[in-house]
Amino acid sequence: MSENNWKYNAKEIELKWQAVWNQLDLFKSEVNQSKTKYYVLEMFPYPSGRIHMGHVRNYTMGDVVARYKMAKGYNVLHPMGWDAFGMPAENAAMEKKIHPSEWTYQNIDTMREQLKPMGLSIDWSREFATCDPDYYGQQQTLFLDMLEAGLAYRKNAIVNWDPVDQTVLANEQVEEGRGWRSGALVERRELVQWFFKISEFSDDLLKSVEQLANWPEKVKLMQKNWIGKSIGSEIEFQLENAPDGFPNLNVYTTRPDTIYGMSFAGISPNHPLAIFLGKNSKKISAFISDCEKIGNTEAAIDTAEKKGVDTKIRVVHPLIKNKSVPLYIANFILMDYGTGAIFGCPAHDQRDLDFAKKYSLEITPVIQPAGQMESSTRVTNTAYTGPGTLINSDFLNGKNIPDAKNSIVKHLENLKIGKTRTNFRLRDWGISRQRYWGCPIPVIHCESCGVVPEDRQNLPVLLPKNVDFSTPGNPLNKNLDWRQVDCPKCGRQSLRETDTMDTFVDSSWYFVRFTDPSSTDPTNKRSADYWMNVDQYIGGVEHAILHLLYSRFFSRAMHITNHLPKKSKEPFSALFTQGMVCHETYSTCTFKIENATGTLNLGSELRGLKSKSKTTIRFMISKDEFVVFKPRKSFAVGETITTADGRIKADLVAVENEWHPPEAVTETQHSKDQAKSLISSGAPVEVGGSIKMSKSKKNVVDPIDIIEQYGADTARWFMMSDSPPERDVEWTTSGVEGAWRHIQKVWKLTKDILIETSPEDNKSSEKIRNSISELEIARNQAIKGVTDGIESFSFNKAVAKLYEFTNILARSLAPKEYKLTSLRTMAILMQPLTPHLSEEIWSKLGNREVLLKQEWPLWDEGLLQREQIILPIQLNGKKKAEISVKRDVSNEEIEEMILENDKVQKYLNGTKPRKIIIVPGRIVNVVL
RNA sequence: GCCCGAGUGGCGGAAUGGUAGACGCAGCGGAUUCAAAAUCCGCCGCCUUUGCAGGUGUGAGAGUUCGAGUCUCUCCUCGGGCACCA
C-alpha cells in the first residue's frame with residue numbers, strides 16, 4: 001500500500017459513495033407492514049436560489065436522525081420537496097422579466113444539485129414542488145371538500161392590506177403593524193375574502209397541545225397563547241334612545257363580578273351601531289374614519305390615547321335601579337373580539353381607567369385588596385386587578401372574586417340577560433391573496449348562481465402561462481382569457497375567482513402528500529395510514545405558531561373530509577426547533593472628503609475605524625502608509641476634519657457604512673490585539689457581533705464553497721459539534737478547520753492501525769491488559785454516549801464522545817485486533833454524522849457490504865466502568881481526598897479505608913466523624 | 001405591560017442533587033524541521049506560593065440539604081413570544 005492511496009481526498013471519496021448509495025437505491029422507502037416505520041422530516045425549503053448554512057444545519061440534523069434510525073432497523077421515510085409558491089418569484093418576474101415558473105424551477109434545479117453533495121439520505125423519488133400542477137390541483141380538491149364540509153367560506157372582512165405587495169395578509173403575517181415580507185405599514189381595507197374555519201377547532205387545538213409530549217415547551221406555550229382562550233360572560237344591556245333596530249347591546253366580559261363598578265359602556269368604531277350612527281352624525285363618522293387611519297403598530301398603540309365619542313345613547317344598568325351610563329364609541333375596542341362591545345369598570349381595568357379619567361367618568365371601586373381597610377381603597381392611576389373582596393356591590397359584598405363571578409353569572413342567567421361564553425383570540429384564517437404565483441381558488445362567480453365550485457373533472461385549475469406584471473395588483477384580474485368561463489351550473493358566461501391561496505396552505509399538508517406523491521387523490525389512505533404521523537419534524541422556531549398551527553388545523557380538516565385517518569389528528573409526533581447559523585460581521589466606514597488642503601495630495605475617500613469610544617478616520621495612502629485625522633467620538637457630515645498636527649484639513653461630505661463578506665477580511669492574526677483588515681486594501685475593519693447570516697450584512701458563508709474546500713463530512717461534523725442544536729451556532733473558520741483536522745486524524749488512525757503489526761505474545765503484560773480493558777471501556781462508553789446523544793438531540797455531546805474515543809484509540813497500546821474492533825465501532829457510530837468517511841473506513845476494513853446496512857451496536861453495562869475506581873472523599877461537602885477501590889466494594893470496607901486515610905485523619909484530629917454518607921460508586925462525604 | 005427562557009474559563013460549551021470546567025476553539029511551552037507549514041507531546045478558571053500545597057470559584061443575595069451550577073424564594077442582566085383580546 002503506497003502512501004498516496006492513504007491521502008484522504010474528501011471530494012473524490014464523497015462522490016464515490018454517493019454514487020454507490022444511489023446505485024443501490026438505499027434511501028428509497030416503501031410501505032412495509034412488517035417493519036416499524038419512522039418518518040423524519042425537515043421543513044422543506046423555499047427555492048430562493050441557493051442553499052444556505054441554515055439549510056445545511058437543518059438537513060444535517062434530519063439526516064443524522066434518519067441514518068441512525070435506519071441503522072436501528074426502522075423503515076425510514078426521509079423525503080424532500082419545495083415550498084415553491086410565493087412572492088419572490090413574482091418580484092423576480094417584475095425585476096428580471098422572467099416568468100415566475102421558470103425562475104422557480106431553475107432555482108429548484110440549482111438547489112437540488114447543491115443539496116446532493118451533502119450526502120443526505122433522502123428518497124428523491126418522492127420529490128415535488130408545491131407549484132407543480134399535480135400538487136396544487138390536489139390542493140384544490142381539498143379546498144372543494146372543505147368548502148362542502150363548511151370549513152371554507154367567504155365573508156366580508158376588514159383585512160390587513162399590504163400596500164407594497166398589494167395583497168391581503170393574515171393577522172399572523174402582520175408583525176408590529178408591518179407586512180411580514182415587505183415590511184410596509186399595513187392598512188385596513190374591507191374586502192370579500194376566503195376563510196378557513198380554524199376557529200371551529202380552537203378548543204381542540206388548545207387541548208391537544210397538552211398531548212404533544214415531544215414538542216418544545218416553548219412552542220406549546222406559544223401555541224396556547226396564540227389560541228388564547230378566555231372564559232367570561234355575555235351580558236345583554238337595554239338601551240335608552242337608541243335608533244330602531246338596536247334594542248339592546250351585547251357585551252362580553254371576563255369580569256362580570258365588577259358589574260356594580262360599571263360607569264360607561266363602549267362599542268368598537270366598526271360596530272354595526274357605530275356605523276349606523278355614523279350615517280347621521282358627521283362627528284361620529286369623522287371619529288370612525290380617524291380610527292381607521294391609526295395603524296396597529298406597536299408605537300401607535302403605545303402612544304395612542306384612549307379616545308371616544310359620546311353617542312348620547314344611555315345604557316341601563318341591569319341591577320341598579322334608575323341607573324344608566326353613557327355609551328361611547330371608543331378607539332380601543334376591537335370589533336373582532338367578543339361582541340365588539342364592553343362595559344367599562346375603570347377601577348379594575350387599566351384601559352377603562354385611562355378612558356374614564358379622560359372623560360371624567362365615575363370611578364367606583366368594587367374590589368378591595370386583601371388586608372386593606374375599606375377606607376383606604378383609593379383610586380390611583382393604576383387599576384387594581386388583583387384578588388380581593390367585593391365591596392359596593394349589593395348582594396356580592398364580602399365574596400371573593402371567583403364566588404362573586406359564580407353568583408353574578410347565576411343571577412344574570414335567571415334574569416335571562418346573561419350567559420357564560422368562551423372566547424378565543426384565534427380568528428379564522430384568511431387565505432385569499434391577490435397574487436398570481438399561488439394556488440388558484442377553484443370557484444367561479446356566476447351572476448345568477450353566485451359562487452359555484454369548479455367541476456372536479458376540470459381540476460386542476462391551472463395558472464395561465466401568459467401573465468403581465470407591468471402594473472401593480474393581481475395579474476389574474478387582467479387576464480380575461482383565463483377569467484372568463486362558463487358557469488358549471490347554468491352555463492352562462494361567468495368569471496373565475498382570481499384570488500390565490502396563502503402559501504401557508506401549500507405547506508399545511510405537504511408532509512401527507514410525501515407519503516404517496518403520485519396518488520391520484522390528495523392522499524393515498526393506505527400509505528398515509530402507514531407513514532403518518534411524522535415521527536420527527538425539524539425546523540426553525542420562526543414557524544412555531546403559523547405553520548405548525550395551520551398544519552394541525554389541516555390534519556383535522558383532512559380527517560373530516562376523509563383524506564386522513566383519525567390517528568393523524570396531530571401531524572407531528574415530535575418537533576425539534578433548531579437555532580440559527582451566525583457569523584461575525586465586518587464593516588468599514590468610508591468618509592468622503594472635499595477641499596483637502598495641505599502638503600499631501602489626498603484623494604477623496606477615507607477609511608474609518610469605529611470603536612466604542614472613538615472613531616478614527618485615516619486615509620490609506622498605501623498598505624502601510626496612512627494619514628490619521630484627529631479621533632473623535634463621532635463625525636458629522638459637513639464638518640471640517642484635521643490631522644493632529646493640523647497640517648491637513650478637509651471637509652467631510654459623506655459617511656458610508658459598508659459591510660464586507662468574511663472572505664474579504666484577513667484571518668485572525670496570532671495575536672489578540674492585531675485587528676482584522678481588508679485583504680484588498682489593508683484597511684482596518686470593525687468586527688461586529690455574531691448575528692444570523694444574512695445577505696444584507698454580508699456575513700454569509702456559502703456552504704458550497706465549504707463542501708468544495710473541505711468536503712461535506714467536515715461541514716456536517718462542524719455543524720453538529722459546536723453548539724447544542726437548539727441554540728444558535730457561530731460559524732468560524734477555525735472551528736471548521738478543527739473539524740477537518742479531526743476527519744484527517746480519524747483517517748490517519750485507520751491507516752496506522754491497518755498497517756500495524758503486533759507481536760504474538762503481547763497480551764501477557766499487565767500494561768497491555770490494562771490497555772485492552774481501557775479501550776473496551778472507551779468503546780462501550782462511546783456507544784452509549786453517541787446513542788444517548790442522538791436520541792436526545794444532543795449531537796454536540798455525541799460528537800464530544802467520539803472525540804474522546806478517537807483520542808483514547810489513538811494512544812492505546814492494545815493489540816491490533818482490539819483496535820480493529822474499536823475502529824469498526826467507530827465507523828458505525830460516525831456514520832450518521834460523517835457518512836462518507838465512515839463508509840470509506842468500513843470498506844478499508846475489508847467489509848463488502850455498505851456500512852449503511854450495518855446494525856447499530858449495543859453497549860455492555862458492565863463495561864462502562866473499570867474494576868478499580870477512584871472514589872472522591874469529601875469532608876463537609878468539600879473534596880479533600882480520594883481513594884482507589886474495587887467497583888463492588890462494600891460500604892463497610894469503604895468506611896474502614898476512609899478512617900485510615902491520612903488526610904481524613906488529619907482533619908478528624910482524633911475525633912469521630914458525625915456521619916459518613918456513601919453514594920456507591922460515586923462519592924463519600926464525611927461529616928465532621 | 002403580560003408570559004416564557006437563559007446567565008458556567010479568553011470563546012463555544014460538559015456536568016441522573018454527588019470530583020465544576022468533559023470535548024472543541026483560541027493561547028502558551030516543548031519535540032520535529034536549515035526554517036516554516038503540518039504533525040506529535042505537555043500546560044491552560046482566579047488568587048497566594050519558587051515548589052509542595054492552600055484558598056476561592058457557575059450573574060447577586062438568602063434558603064433547603066451531609067452535599068447545590070442543578071431545587072425554592074428575592075433581585076439584576078440578557079434573549080424570545082404576545083401586545084388595547086375586555
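Below, read A as the first sequence line, B as the second, and so on, with proteins coming before strands; counting in each chain starts at 1.
Positionally, the nearest nucleotide of RNA chain B for A/A739 lies more toward the 5' end than for the other of A/A739 and A/F343. Place A/K879 and A/E804 on RNA chain B by their nearest nucleotides, and A/K879 ends up nearer the 5' end.
Among the nucleotides B/rU56, B/rG13, B/rA26, the one closest to the side chain of A/K878 is B/rU56. Between B/rC3, B/rC66, B/rC82, one nucleotide has an atom nearer to the side chain of A/L221 than all others, and that is B/rC3. Closest contact between the side chain of A/N807 and the listed nucleotides B/rG54, B/rC66, B/rC23 involves B/rC23. Considering only the side chain of A/K915, B/rC66 comes nearest among B/rG24, B/rC66, B/rG55. Among the nucleotides B/rA86, B/rC40, B/rA14, the one closest to the side chain of A/K745 is B/rC40. In the set B/rC82, B/rA15, B/rU19, the nucleotide with an atom closest to the side chain of A/W226 is B/rC82. Set against B/rG55, B/rU19, B/rC84, the side chain of A/P872 has B/rU19 as its closest nucleotide. The side chain of A/P724 sits closest to B/rA14 out of B/rA83, B/rA14, B/rC40.
Look at the P atom in both B/rU72 and B/rA86: the space between them is 30 Å, to the nearest Å. Rounded to a whole angstrom, the distance from the C1' atom of B/rC3 to that of B/rU19 is 39 Å. Only the C1' atoms considered, B/rG55 is 22 Å distant from B/rG59, to the nearest whole Å. Comparing B/rU58 with B/rA68, their P atoms sit 11 Å apart, to the nearest whole Å.
Counting non-hydrogen atoms under 4.0 angstrom, A/Y803 reaches the backbone sugars and phosphates but no base. As judged by a 4.0 angstrom heavy-atom cut-off over every strand, A/K220 is placed among residues making no nucleic acid contact. Residue contacts shown for A/K801 are absent, as no nucleic acid heavy atom lies under 4.0 Å away. Residue A/S721 is out of contact with every strand shown, counting any heavy-atom pair closer than 4.0 Å. Across all strands shown, A/G738 has heavy atoms under 4.0 Å from sugar-phosphate atoms exclusively, and none from any base. At a threshold of 4.0 angstrom between heavy atoms, the contacts of A/Q874 include nucleobase atoms, whether or not backbone atoms are also involved. Contact annotation for A/R914: no contact, since no heavy-atom pair falls under 4.0 Å across all strands. Among the atoms of the strands shown, base atoms are found under 4.0 Å from some heavy atom of A/V919. Using a 4.0 Å heavy-atom cutoff across all strands shown, A/I333 reaches at least one base atom of the nucleic acid. Within the 4.0 angstrom heavy-atom criterion, only backbone atoms of the sugar-phosphate kind lie near A/R811; the bases stay farther away. Here A/N796 lies in heavy-atom contact (under 4.0 Å) with sugar-phosphate atoms only.
When both pairing distances are held under 3.5 Å, B/rA6 makes a Watson-Crick or G-U pair with B/rU77. Pairing of B/rG1, defined by two Watson-Crick or G-U wobble distances under 3.5 Å, is identified with B/rC82. Checking B/rU56 for Watson-Crick or G-U wobble geometry (two distances, each under 3.5 Å) identifies B/rG45 as its partner. Pair check for B/rU64 finds none; no Watson-Crick or G-U wobble contact set falls under 3.5 Å. The partner of B/rU33 is absent, by the rule that a Watson-Crick or G-U pair needs both atom distances under 3.5 Å. Pairing for B/rU16 is absent, judged as Watson-Crick or G-U wobble with the two contacts each under 3.5 Å.
Across the protein-nucleic acid pair, A/Q223 atom CD and B/rG80 atom P stand 20 Å apart, rounded to whole Å.
In terms of phosphate contacts, A/R741 brings no side-chain nitrogen or oxygen within less than 4.0 Å of OP1 or OP2 of B/rG24.
The pair A/E210-A/K220 does not count as a salt bridge, with every side-chain nitrogen at least 4.0 angstrom from each carboxylate oxygen. Ion pairing between a basic and an acidic side chain is recognised when a charged N comes within 4.0 Å of a carboxylate O; A/K229 and A/D203 show such pairing. A salt bridge links A/D336 with A/R427: at least one charged nitrogen is closer than 4.0 Å to a carboxylate oxygen. Ion pairing between A/D354 and A/K358 fails under the 4.0 Å rule for side-chain N and carboxylate O.
For A/S812 (side chain) and A/L809 (main-chain N/O), no donor-acceptor pair under 3.5 Å exists by modelled atom type. No side-chain donor-acceptor contact under 3.5 Å links A/R421 to the backbone of A/Y252.
You'll find a donor-acceptor pair under 3.5 Å spanning the side chain of A/K306 and the base of B/rC84, going by distance alone.
The aromatic ring centroids of A/F805 and A/Y803 lie 6.0 Å or more from each other.
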